[in-house]
Amino acid sequence: MSKKPSIQRSTGASMVTLKIPKGLYDRITEMINGTGFRSVTEFAVHVLRDVAAGGKLSQKEPGLNEREIEIVRKRLQALGYIE
């Protein structure tokens, strides 16, 4: 049986719990010290809203594309590293 997200009522908006590793939480706590963010939650909401505003996440695979590989190959040939 799956658990439903916990919902809290805060200023009329529904909230859910987002679980992150403790180490990450501690690092963010240190990182936001002295900034305008009052909590890790406030920071996380800010970052996630910023990401979500872009509409979708990039589906691009990490690494070089075929064009970039060809450029590198030609450069290595010009330098005599490959034939």
Side-chain angles (χ1 to χ4, degrees):
M1 193 163 161
S2 69
K3 291 176 118 182
K4 291 183 179 178
S6 62
I7 298 183
Q8 303 169 346
R9 299 288 174 199
S10 175
T11 63
S14 295
M15 305 286 277
V16 297
T17 300
L18 177 64
K19 293 185 179 188
I20 61 172
K22 175 80 165 99
L24 177 59
Y25 181 90
D26 293 340
R27 221 166 92 210
I28 293 171
T29 299
E30 290 175 18
M31 190 173 80
I32 65 173
N33 189 23
T35 67
F37 296 104
R38 296 174 294 197
S39 67
V40 171
T41 298
E42 188 176 285
F43 175 78
V45 168
H46 171 77
V47 170
L48 292 171
R49 279 188 179 143
D50 190 44
V51 170
K56 66 179 186 177
L57 297 176
S58 172
Q59 298 298 316
K60 182 182 176 190
E61 301 245 347
L64 301 174
N65 64 35
E66 288 183 38
R67 182 179 159 273
E68 294 166 329
I69 291 170
E70 188 58 32
I71 290 169
V72 171
R73 184 176 289 123
K74 286 180 180 179
R75 182 69 177 142
L76 291 173
Q77 285 173 336
L79 294 170
Y81 288 105
I82 61 174
E83 295 182 19

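Note that the numbering runs from 1 along the sequence shown for the chain.
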Do K19 and T17 have side-chain heavy atoms sitting under 4.5 Å apart?
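Yes. Closest side-chain heavy atoms under 4.5 Å.
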
Taking C-beta and beyond as the side chain, do L18 and T41 meet within less than 4.5 Å on heavy atoms?
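L18 vs T41: side chains apart.
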
Following the transitive rule for hydrophobic clusters with a side-chain heavy-atom cut-off under 4.5 Å over Ile, Leu, Val, Met, Phe, Trp and Tyr, establish whether I71 and L76 coincide in one cluster.
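I71 and L76: separate clusters.
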
Verify same cluster id: V45, V40 (apolar side-chain graph, 4.5 Å)
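Hydrophobic grouping puts V45 apart from V40.
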
Please list all pairs meeting side chain to side chain donor-acceptor pair (under 3.5 Å) that have one or both residues in residues 73-83, counting only residues at least two apart or in different chains.
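Every pair satisfying side chain to side chain donor-acceptor pair (under 3.5 Å) with a residue in residues 73-83: E70-R73.
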
Treating E30 as the side-chain partner and R27 as the backbone partner, does any N or O pair qualify as donor plus acceptor under 3.5 Å?
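The answer is no, because no donor-acceptor pair under 3.5 Å joins these two groups.
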
Among all residues two or more places apart in sequence or in another chain, which pass the ring pair (Phe, Tyr, Trp, His ring centres under 6.0 Å) test with F37?
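Ring pair (Phe, Tyr, Trp, His ring centres under 6.0 Å) list for F37, sorted by chain: F43, H46.
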
Spatial distance of atom CG (L64) from atom CD1 (I69) [nearest 0.5 Å]:
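Reported value, rounded in 0.5 Å steps: 5.5 Å.
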
Qualifying salt bridge (charged side-chain N to carboxylate O under 4.0 Å, His left out) pairs with a residue from residues 33-52, counting only residues at least two apart or across chains
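Qualifying pairs: R38-E42.
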
Quick one: closest heavy-atom pair of T35 and I32, and the distance?
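It is OG1-O, 2.6 Å.
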
Mind running side chain to side chain contact (heavy atoms under 4.5 Å, CB included) on E68 and V72 for me, showing each step along the way?
CA-CA 6 Å; E68 294 166 329; V72 171; 5.6 Å; no

